[in-house]
Amino acid sequence: MFAALMAIQKNGASFIVSHPLNKSKGRFHSTSSSNRAKHPRSIFEQITNLDDALKLFDEMTHKQPLPSVVKFSRLLQAVTKMKQYSCSIELFKQMNLLCVPVNAYTISIVIRCCCQMHRTGEGFAVLGYGFKRDILPNVCTFGTLLNGLVLEDRILKAEKLFKKLIKEGLCEPNAIMYNTMIKGLCRFGNNDTAIALIKLMDGRGCKPDVVTYNTIIDSLCKDKMVDDALNLFNEMVFHKHILPNVVTYNSLIHGFCNLRRWDDVSNLLKEMEDERISLDVHTYSILVDALCKEGKVEDANCIINLMIERGINPNVVTYSSLIDGYCLRGEMSKTREVLNLMRSQGLVPDVVTYSSLLNGYCKKLMVEEAMDLFHEITKKGMKPNVITYSTMIQGLFRVGRGKVAHELFHEMQAHNLIPNECTYKIILEGLCNNNQVDEALSLFHLMGGNKLNSNIKVYTILIDGASRTGKLDVARVLFNDLNVKCLQPDVRTYNVMINGFCREGLVGDAKELFLKMEEKGCLPNSVTHNVLLQGFLKNQQLDTIEMLLLEMEGKGFSVDASTVSLLLDHIKARSLDASLLKLIGKLVPKEGVDAL
DNA sequence: TTAGGGTTAG
């Protein structure tokens, strides 16, 4: 992928490859139709601060006769554009007191303010207010309310409203409204219904646009269904003759990066070049992030230089990815260089940047430095989010500071931050690793049927914690619980359980589970084999060692350092035959051969 | 001649 990008750079002059779309539509070469002379900016468009707006409102309300509803609407819109939503609503209330006339436009603006503040219920109240004054809602009014419901994740309500509008003929949805509904469905993970909506809108004579497709393509990519996304892409381009844009490509590139399908990434980059769609700051950031996650921070730096050469400035997101890359490699001094670079470019690190750094320090067990950063976030007027808190809590647990971790957990909740799945796992793991398995188990039971408890990783943490502290019976119960909950154990769960059996000398149970996991469609990995091997060695079950080693050789697995040391102990003690050394030699990773 | 959505990156 990196090579492809560099190649594109070299061939910068680029050649135009004909694309079916260029022939059918020729829109790439069409002349701009927006050459009309710009109107001078009106007084309302010139307002950029709230004080001026309020002053103007005051003047307007003192005029005799009162200015028109249009003028008031424009002022209200100006305030809304400044994101001063509650202020807009306040002005609307005053307008009513002063008997300034309002119309459908005014109502829509005010409803939008309610929705943007996640107070869609109040938006509906404004709708009712309109009804009382014979101001009838239209597709804009309903579109705004629908968007409000989507913003609040009230997808069922949104669907109900959408269906009602069609069924009762209250308004015929347009592309904007369909796109909003599609966005909601995708957010809710309902890609299939979203795709069905494309057909519905088409059938009702409303043409989907590039945003319609981009929304679903992105959602499919996020759900790792990149091939479905590509199919939809083809449908959009070749059947609907809708041109993709940089957003379409960004979603696809991101999807393929996440799956490490670099050839596909290269192809898409090449296609963008062929189609003369310029890469933007998002595209570059996606690539920088992907390279950093692969540990290729140097290449990521090259991409950043490349984008700068091409006149696109890296932003906070771009640099945060780079910081994350250095953190992953534990190169914290490099992160300071990046921070200085950011500052020199006037970029202010945000809470995500800080969370990355915090994570870096915590991974290196430099928890004091992490704590300093944590406090810096608040000092700088930013608010730590769930990720920041979870990262810090994990770091504290790792260095055995469970008490402070607890305090932070409570502080987080006091700030109305709701712990997520990750937080929950961190807490359970932290408790288990700090000799507080009982607390972990009580927390788990306290959560009862919560969906967080229907998670295989949560179970694995607890099974591991219980079996490590001699509570194998509890571990067994938890493991059997998986069946009841229809949860499929993954390879880690099996490894942890097999390890638990071995620890208690129950090699027979361990072997049985080892055989069963494959039957259940979960292939044992290198760790499983090492765990079982160690179990056999520690429990003097030496007759199957050679067979297991041969199996590992056949599967291309390797023996880890502690297994090797155990094997050698047995050979020294002559409980295992020295002829095994040759086989063991083949199973030791290259860098470990010297140890033999 | 005043209203709604707008999809993508850490």
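Letters A, B, ... are given to chains in the order of the sequence lines, protein chains preceding strands, and every chain is numbered from 1.
Between the CZ atom of A:Phe256 and the C1' atom of B:dT8 there is a distance of 15 Å, given to the nearest Å. If you take CE of A:Met236 and C1' of B:dT8, they are 13 Å apart, rounded to a whole angstrom.
Within the 4.0 angstrom heavy-atom criterion, no nucleotide atom of any strand lies near A:Val150. Residue contacts for A:Thr144: at a heavy-atom cut-off of 4.0 Å it reaches the sugar-phosphate backbone alone, with no base atom in range. Nucleic acid contact for A:Asn179: base, since at least one base atom lies under 4.0 Å from a heavy atom of the residue. Among the atoms of the strands shown, none is found under 4.0 Å from any heavy atom of A:Lys81. Here A:Ser355 lies out of heavy-atom contact (under 4.0 Å) with every strand.
With hydrogens and angles left out, the side chain of A:Asn174 and the base of B:dG4 share a donor-acceptor pair within 3.5 Å. In the interface, the side chain of A:Thr180 is not paired with the base of B:dG4 through any donor and acceptor atom under 3.5 Å apart. Below the 3.5 angstrom threshold, one finds a donor paired with an acceptor across the side chain of A:Asn315 and the base of B:dA9.
Proximity note for A:Ser321 (side chain, C-beta onward) versus B:dG10, B:dA3, B:dT7: the nearest is B:dG10. Among the nucleotides B:dA9, B:dT8, B:dT1, the one closest to the side chain of A:Ser251 is B:dT8. Of the candidate nucleotides B:dA3, B:dG10, B:dT8, B:dA3 has the atom lying nearest to any side-chain atom of A:Thr141. Relative to the side chain of A:Asp209, the nucleotides B:dG10, B:dA3, B:dG5 differ in distance, and B:dG5 lies closest. The A:His254 side chain lies nearest to B:dG10 when the options are B:dA3, B:dG10, B:dG5. Distance from the side chain of A:Thr215 is smallest to B:dT7 among B:dA9, B:dT7, B:dT2. In this structure, of B:dT1, B:dG4, B:dG10, it is B:dG10 that holds the atom nearest to the side chain of A:Val316. Here the nucleotide nearest the side chain of A:Tyr105, chosen from B:dA3, B:dA9, B:dT7, is B:dA3. In the set B:dA3, B:dT2, B:dA9, the nucleotide with an atom closest to the side chain of A:Arg74 is B:dT2. Among B:dG10, B:dA3, B:dT8, the nucleotide with an atom closest to any side-chain atom of A:Asp289 is B:dG10.
Under the 3.5 Å distance criterion, the side-chain polar atoms of A:Asn385 are matched with a main-chain donor or acceptor of A:Ile387.
No side-chain N or O of A:Thr144 forms a donor-acceptor pair with one of A:Asn147 less than 3.5 Å apart. For the 3.5 Å distance criterion, the side chains of A:Tyr85 and A:Arg119 fail to qualify, holding no donor opposite an acceptor.
In summary, the aromatic rings of A:Phe162 and A:Phe142 are positioned with their centroids too far apart to meet the 6.0 Å limit.
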Item to complete: Test A:Val100 against A:Met60 for side chain to side chain contact (heavy atoms under 4.5 Å, CB included), laying out the working first.
Response: CA-CA 10 Å; A:Val100 174; A:Met60 283 166 69; over 6 Å; no
